[in-house]
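One structure is given here, and the rest of the page talks about it.
Counting convention: from 1, in listed order, for ligands and their atoms alike. Count residues from 1 along the sequence.
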Amino acid sequence: MRILITGAAGFLGSHLCDRFLAEGHTVIGLDNFITGNPDNIAHLTGHERFSFVRHNISNYTYIAGELDGILHFASPASPIDYLEHPIATLKVGSLGTHNALGLAKAKGARFFLASTSEVYGDPLVHPQTESYWGNVNPIGPRGVYDEAKRFAEAMTMAYHRAHGVDTRIIRIFNTYGPRMRPNDGRVVSNFIVQALKGEPLTMYGDGNQTRSFCYVEDEVDGIYRLFMHGDAQPTNIGNPNEFTVRQLAEIVLEITGSRSQIVSRPLPEDDPKVRQPDISRARRMLGWEPKIDLREGVRRTVEHFRSVVR
Ligand code: UDP
């Protein structure tokens, strides 16, 4: 297949480029480097089935030749990033999704939307099933991301229903692993970098809020299977093992052997109190479930950050 991946220089986008190339496909990567990093795809330079376009998908996009699939992964995705780029975040979820869908329709390509567990907001249903409509504050600081992704889902379903585009919607839960930026701001990368530098681990609030962390290799496998074998209904892909943020801090200290302290910092506004995917649908439809537990994933991520952090 000939595949376009938006956000190709990002954390997930770059791992997806690797996976699609490894499966024998041809990949066109697209990124404007607003949060993506050229280093993430530097190893693909000169690959005979890989090419790259520097472009903002929120603007009109032309790609020559046939396309069989478009994976729309472009977006700031870390809370600190979408707070710094609120309008670009809204635009890439809305205008960017519209452009990518228009391209998919014109090319007769399958369209795959990277959506998020953030569509569930601060959830009142736990764990979250795909049938839950969410509890989102549209005008809060996280609204720029949450509502952009909710709009993107609505637009994707509209192109599916009105134009018959073959579409997929994945709801990605917290994912971590090599190629996260050291200053990404997400909790796993923050804690690992802080532990390796001997700095205090910044636990927001009382640390009793929960997240369920999926190692990137498992997430990418779920994405690939959903792209190949899924249907148009939204699908949760994430690791259902739930941890408090405090537990994560303790695991990071244990694995790094760091003697850093854990310090408390104010909880960001609208920070979800709990998050855990119900992955029954992915298990049933795709035969997918994560294989790498948190300790093993953190071990591998720590190895990566040891070579990046000094
Ligand atoms: N968090 C934390 N310390 C940090 C960064 C994040 O305690 O240095 C908390 C944050 O408040 C949230 C959880 O860790 O409750 C996950 O945050 P992250 O930014 O990784 O992603 P989110 O799931 O909130 O989008």
Side-chain angles (χ1 to χ4, degrees), residues 10-12 35 73 75-86 89 93 114-123 126-128 134-137 140-150 170-216 219 236-253 256 258 260-277 294 297-298 301-302 305 309:
F11 164 54
L12 282 176
T35 55
F73 276 70
S75 178
S78 166
I80 60 161
D81 288 333
Y82 50 76
L83 294 183
E84 193 182 335
H85 306 286
T89 302
S115 186
T116 168
S117 55
E118 284 282 330
V119 302
Y120 302 123
D122 189 3
H126 193 70
Q128 292 78 55
N135 177 39
V136 170
N137 174 4
R142 301 174 85 102
V144 295
Y145 184 64
D146 303 9
E147 296 296 3
K149 291 293 189 181
R150 290 168 68 94
I170 185 176
R171 293 187 179 148
I172 299 172
F173 284 66
N174 296 64
T175 302
Y176 68 97
R179 295 190 198 156
M180 292 183 96
R181 287 170 305 157
N183 58 352
D184 183 81
R186 247 82 71 92
V187 67
V188 178
S189 44
N190 269 11
F191 283 177
I192 291 178
V193 170
Q194 289 162 345
L196 291 178
K197 288 183 164 174
E199 294 170 358
L201 272 55
T202 53
M203 183 181 74
Y204 299 163
D206 59 11
N208 290 327
Q209 70 272 36
T210 70
R211 294 294 186 272
S212 308
F213 302 100
C214 189
Y215 189 65
V216 61
E219 189 69 38
N236 291 338
I237 298 282
N239 191 313
N241 292 326
E242 186 183 20
F243 293 85
T244 65
V245 165
R246 181 185 293 279
Q247 285 174 320
L248 174 70
E250 282 159 3
I251 289 169
V252 168
L253 290 180
T256 54
S258 166
S260 291
Q261 304 288 310
I262 301 175
V263 295
S264 189
R265 292 281 175 272
L267 190 67
E269 199 178 332
D270 296 337
D271 197 279
K273 286 179 272 306
V274 291
R275 183 179 289 157
Q276 181 189 30
L294 185 60
V298 167
T301 310
V302 166
F305 276 113
V309 175

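Here Lys149 does not pair with Glu118 in a salt bridge; the nearest charged N to carboxylate O distance is not below 4.0 Å. Ion pairing of Asp81 with Arg181 is present here, as a side-chain N (NZ or NE/NH1/NH2) and a carboxylate O approach within less than 4.0 Å.
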Exercise. Are Ile170 and Thr116 close enough, and set up right, to give a side-chain contact (heavy atoms from CB on, under 4.5 Å), and what steps lead you there?
Worked result: CA-CA 7 Å; Ile170 185 176; Thr116 168; over 6 Å; no
For this session: Report the C-alpha separation of Asp122 and Lys273 in whole Å, then their side-chain angles, then the decisive distance to 0.1 Å, and conclude whether the side-chain contact (heavy atoms from CB on, under 4.5 Å) test is met.
Result: CA-CA 6 Å; Asp122 189 3; Lys273 286 179 272 306; 2.6 Å; yes
For this session: Would you sort out whether Phe213 and Val188 count as a side-chain contact (heavy atoms from CB on, under 4.5 Å), showing the intermediate values?
Result: CA-CA 9 Å; Phe213 302 100; Val188 178; 3.7 Å; yes
For this session: With side-chain hydrogen bond (donor to acceptor under 3.5 Å, both in side chains) as the test, would you mind laying out the steps for Asn137 and Asp270 before giving the verdict?
Result: CA-CA 8 Å; Asn137 174 4; Asp270 296 337; 3.1 Å; yes
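Counting non-hydrogen atoms of neighbouring residues, nucleotides and ligands closer than 6.0 angstrom, the CD atom of Glu199 exceeds 12 such neighbours.
Below 4.0 Å from some heavy atom of Pro79 lie the following atoms of ligand 1, by number and element: 19 (O), 25 (O). Residue Glu118 approaches ligand 1 through these ligand atoms, each under 4.0 Å from one of its heavy atoms: 25 (O). Within ligand 1, the atoms closer than 4.0 Å to a non-hydrogen atom of Met203 are 7 (O), numbered from 1 in the order shown. Near Asn190, meaning under 4.0 Å from any of its heavy atoms, are these atoms of ligand 1: 4 (C), 5 (C), 8 (O). Within ligand 1, counting atoms from 1 as listed, the ones closer than 4.0 Å to a heavy atom of Gly185 are 5 (C), 19 (O). Interface of Arg275 with ligand 1, defined as ligand atoms under 4.0 Å from a residue heavy atom, comprises 22 (P), 23 (O), 25 (O). For ligand 1, the atoms lying closer than 4.0 Å to a non-hydrogen atom of Phe191 are 3 (N).
Around atom 21 (O) of ligand 1, the closest heavy atom drawn from Val187, Asn174, Asp184 belongs to Asn174.
Checked by atom type, the side-chain pair Ser212/Glu242 shows no donor-acceptor distance below 3.5 Å.
Contacts between Arg211 and ligand 1, counted as non-hydrogen atom pairs separated by less than 4.0 Å, involve the side chain only. When non-hydrogen atoms are compared, ligand 1 lies under 4.0 Å from the backbone of Thr202 as well as from its side chain. Contacts with ligand 1 closer than 4.0 Å are made by side-chain heavy atoms of Gln209 only, the backbone lying farther away. Within the 4.0 Å heavy-atom criterion, the part of Arg142 lying near ligand 1 is the side chain and not the backbone. Only the side chain of Pro268 comes within contact range of ligand 1, with a heavy atom under 4.0 Å; no backbone atom does.
Rounding to the nearest 0.5 Å places CG of Asn183 at 9.0 Å from OG of Ser78. Atom CZ of residue Arg211 and atom CZ of residue Arg275 lie 4.5 Å apart, to the nearest 0.5 angstrom.
Ligand 1 has no atom lying under 4.0 Å from any heavy atom of Gln194. Arg265 does not count as a contact of ligand 1, since none of its heavy atoms falls under 4.0 Å from the ligand.
The nearest protein atom to atom 13 (C) of ligand 1, hydrogens excluded, is given as Val245 CG2, 3.8 Å; this is a heavy-atom distance. Of all protein heavy atoms, the one lying nearest to atom 11 (O) of ligand 1 is Asp271 OD2, 2.7 Å.
Aromatic ring orientation, Tyr120 versus Phe173: tilted (interplanar angle from 30° to 60°).
For ligand 1, the polar-atom distance check finds an N/O of Tyr204 within less than 3.5 Å of one of the ligand's N/O atoms.
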